[in-house]
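Notes for the one structure printed next.
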Amino acid sequence: MTRQLIPKGSGVVKTLTNKIFNRTEMAQKYKPVIQYYVKQRLLIRMKYFNLDAASLAKKRKAKAQLNKIIGFRYLGVGLRSNYLKLQNMDSDLDQDQESQTEPSTQKKKRAQRSELSKEEKKRTLTKLFRHEWLNLKDFKYWLQELPNDKAKCKCKACNVILVCGKNKISFSNPNIYLSESEIFVGGECEDFIKHLPRMIISDFKNTCLTFYVKAAEEIAIRLPIRNQFFKEFEFLDPNIICLNPTKRDIVTDLPLTRDKFKHLIDKNKAVEEWREILYFYSKEQLIELKNLDIPEFWQELSKAKDFSSDVLKFSNICTLAKLVLSLPHNGESEIRELRLPWPVYNNLFKLISVNNNNFEVKCKLCVNSKMYSTSTKSNSNLKKHITSKHASKVKELEADLKIEKSSNKRKNNEFDCDQSAKVQQTISDAFSRAQPVSQENLNSMITEFVIMGNHAFNIVEEEKFKIIIQKGFPNRQCLSRKTLMSKISTTADNLKANLKAQLSSTDVKYVCATADCWSVFKRSYIGITVHWYDPESFQRLSAALACRRIKGRHTFDVLAKIMHDVIYEYGIFNKIIKIVTDNGSNFIKAFRVYSESENADENMELEEEQEVELIAISDILNEQTSFDADSPYSLPPHHRCASHTLNLVATKDSEKALSDPLYKKQLRSTFAKMSALWNKQERTSLIADTIHDELNIYIIVPNATRWNSTFQAVKCLKDQLIKSESEVQRICDKAGLPRFDKKDQAFMIDYCKVMQPLAQALDLLQGDKFVAMGYLIPTIKWLKKQLKELLITATICKSLANACLDGVCSRFDLMLLDKFNILATVSHPKFKFKGMSIMEKEEATDILQSEIEYFKPVNDNSLEQNQLEEVDDNIIFDEDIDIEHSNAELERFLFTPFNGDLTILKNMPIMRLIFLKYNTALPSSASVERLFSIAGDICTKKRSKISDCNFENALLFKINLKNKD
């Protein structure tokens, strides 16, 4: 098929293949072969042969003419020198012509050449000077043409005549040496020897000349100057590839280089890519590539992609170039002693060289040792030599091999490398070297990847994931799902054991726990977290204790049993200062029945959550016996969650404001419009897109599980009405909803003004990193102050402010009078006695002073011996000294400014203990809600059938590992 008949555009190979199959009866299984053949022929004929046909024809014609001239030249020389021999040879040929067949032309030429003398042979092999040599950068600075003799040239640097076409430099020829006067041995040396006798100078320079001649001979032996393998490296030069197509014939197919790295590249595709480079780029692009350095050129070439796909165009030839460029070139491997990969045999054999896949060695035990060869993968030949030639060394060799085998065993295939026995790696060894990651570490990494990334457990059985592990860690295996679950369980147990050890330490004296219930996919759980202060850095630390399944009804005794078991499992009952829960009736009753200490808030009115659980009378009668008998469970002191209590103020107590008819009417009208818009966004994608297009955001929608989400939703809509009222009204029109009028906007502004202090207090108290129990009283007092001011400034929502203030007073007044909460506030360096009245300050001072007296003996026992010796002389005044010491510490605590760093308590041992005892507790149980948020990522719809044990292990793994990091 001619060039004109080949269709243009994409899919040429496929089109031609289909034409061939349409015109011939051929099985479909041969279609890939025919398609590959068509592709090869197109590349060769269309992209290479046709474009270079003219130059190739000229080369062939010139070569044929040159061969003819050489043939005539051989014949002429032979006739001139051996005329008689040729006559005798012709007569002999004439006599034998009848009996023997006439020899071929090649045999005649070979016979004529063999008769030539050595001098005539040299004359025929002598080459002429070529002017192209002067353009080569390796020759143009020192090479000079001789006009009288075309077969010779001259070196400008050393003024020596050279013969063109010589294959080897003759270092023993004195004619090419410099004269004695031209030998330069250095400026300092010349100044030193110029005063010496001429004979000594001559001997010294001749000795230096002998040294340099020997050095040149050794360099010529060691350097592969004429090695064809290194000659092919010219393909790296951009000038040869881009702008000199004629020079590509020198390294056309790179046969030696491709064979050397055939296990790392596809050598056939490398040739195809090599041929296509010149025709892939335009002339302008080739000129730009010419100006690049060799590494930059190949880096640019490695980014080129095929036009029809996103596949790299020159991946194989670029890989080959990268391998060649990474070969060692400083001769370190030659200088360094070569060693066998088998240490035992290094004592018996000396490695001389490495040839292809064989080691060339010499035996150290043989007197006149000769060269032996053995495979790079087997030492059997070496062992056979020792067995046959040195039988007395066999037992010693076997013993050394056993010792080496036992010492090379590594647990879990850990990577180990003897630095002293290292030799420079070859390219193939570098690509297949052992990974510095053990199998155990890899399993841990995969386990953390699955748990921390919320990936499916069966991802380790996916083929693509296994391929990633095999490619990244060639000598390692991907663990199975069964091993993964076992690894999760083991790691969770280890984290639990470490947490037990940490909590049971004597440094941790006080801890706080939080607990709450959670339901998902028709299953219920109770989660428990623990919090404490690091005694050195005063940083708040947290961990998850458990997330246990609850089967059946969530009665108070069921909750009490689970909390009791978890607390005693970790051995922290005597260290828990408070356990914080919400205001659910089941939790309140559990602590009222089973808690050992009475809480100040037990007299508070019990508030049920929105979901009311119906209990049969028979169940109540059956439970009556448990009240009379001794309590089977024991629970630590209880504290009601302040954030949940504020939520009750915002939801239930605020309903008392509905007694105001004006407020009630406006509230229902405005919230009806807002609820309609919230529902439209949640249920209709069209309205949701309209809201986003108009406002560039989605409006916040209230969430039943977030305590202050309603306030945030109203505030968001209020801000958008102030900022973009026309856009919001346009959204209402498109959704078919009534517009927001001025009264609605005024109500939203007043509502947000009243509820904002409540939301701020709620956000503050539900922190767990920097918030302690000492924040409770100052926050509630600030909230009451803000609500009292709003009673004056509020307009429409004045009744709402009054209702919220009454709710805060009724729910938190007893907490403000609680001794525990007062001590937590005054012992915190941030608050101390701030915001207290004179009477409150006197009462708090008495409480703090009595607490200092309680902790004083403990502090005295911890004093060092040298401190006791200081007061030994005044032993009769011990009591007065103790009082002065405690008062001095209290004064230092009160007058030391707080800069946000709790470490100032390190120098106040008594106040430090009081702070840790009363501020380790948290005012809110929001941290356990964060546990359930993470649990929701683990127990998803696709994992709804996960076992309770695996669910708890995965949850504890993720939370405790994250807190540990």
Are the side chains of V593 and Y633 in touch, meaning some heavy atoms are under 4.5 Å apart? no
What are the two closest heavy atoms between P757 and V754, and how far apart are they? CD-O, 3.3 Å
Could you tell me if the side chain of V928 sits less than 4.5 Å from the side chain of W518, heavy atoms only? no
Just by modelled atom types, is the I796 backbone N or O under 3.5 Å from a matching donor or acceptor in the D750 side chain? yes
Does the ring centre of H638 sit less than 6.0 Å away from the ring centre of F587? no
Keeping N647 on the side-chain end and S643 on the backbone end, is there a donor-acceptor pair under 3.5 Å? no
What closest approach, in Å, do L545 and Y570 show between heavy atoms, and which atom pair accounts for it? O-OH, 2.8 Å
Whether the N583 and T645 side chains hold a donor-acceptor pair (N or O, under 3.5 Å, no angle test) is what I'd like checked. yes
Checking side-chain polar atoms at under 3.5 Å, does T514 have a donor or acceptor matched by the opposite partner on T529? yes
Hey, are the side chains of L922 and R540 touching, using non-hydrogen atoms and a 4.5 Å cut-off? yes
Within the structure provided, determine whether F812 and T779 are in side-chain contact (heavy-atom separation under 4.5 Å). no
Do I528 and M563 have side-chain heavy atoms sitting under 4.5 Å apart? yes
Hey, is the main chain of A501 close enough, under 3.5 Å, to the side chain of S504 for a donor-acceptor pair? yes
Tell me, do K575 and W532 make a side-chain contact under 4.5 Å, heavy atoms counted? no
Set out, in order, the CA-CA distance, both residues' side-chain angles and the distance that settles side-chain contact (heavy atoms from CB on, under 4.5 Å) for I526 and V566, then state yes or no. CA-CA 11 Å; I526 179 173; V566 172; over 6 Å; no
Angle between ring planes, F538 versus F915, binned at 30° and 60°: parallel, tilted or perpendicular? tilted
Validation row: H639, S925 side chains within 4.5 angstrom (heavy atoms): no
Got Q766 and E929 here, is their nearest side-chain heavy-atom distance under 4.5 Å? no
Enter the distance from I577:CD1 to H531:NE2 here, rounded to the nearest 0.5 Å. 14.0 Å
Grab the two heavy atoms, one from A642 and one from L765, that are nearest each other, plus how far apart they are. CB-CD1, 3.8 Å
Ring-face cation of R943 near F457 (centre distance under 6.0 Å, axis angle within 45°): yes
Could you walk me through whether V520 and F932 pass the side-chain contact (heavy atoms from CB on, under 4.5 Å) check? CA-CA 10 Å; V520 62; F932 295 144; over 6 Å; no
Before you tell me yes or no, could you show the steps for F556 and R592 under side-chain contact (heavy atoms from CB on, under 4.5 Å), namely the whole-Å CA-CA distance, both residues' side-chain angles and the distance that decides it to 0.1 Å? CA-CA 10 Å; F556 72 97; R592 189 176 68 247; over 6 Å; no
Please test L559 against C517 for side-chain contact (heavy atoms from CB on, under 4.5 Å), starting from the C-alpha separation and ending with a verdict. CA-CA 9 Å; L559 300 181; C517 293; 3.7 Å; yes
Main-chain N/O of E952 paired with R549 side-chain donor or acceptor, under 3.5 Å: no
Would you give the length of the straight line joining atom SG of C939 to atom CG of D948, rounded to the nearest 0.5 angstrom? 9.0 Å
Note: R811 and D653 closest approach over all heavy atoms is NE-OD2, 2.8 Å
Nearest heavy-atom contact between Y533 and N919 is CE1-O, 3.4 Å
Closest approach of I550 and Y525, non-hydrogen atoms and distance? CD1-C, 3.9 Å
State whether the side chain of S486 and the backbone N or O of K482 hold a donor-acceptor pair below 3.5 Å, judged by distance alone. no
So that I know where these two stand, are Y775 and F831 an aromatic pair - ring centroids less than 6.0 Å apart? yes
Residues in salt bridge (charged side-chain N to carboxylate O under 4.0 Å, His left out) with R930, at least two apart? D768
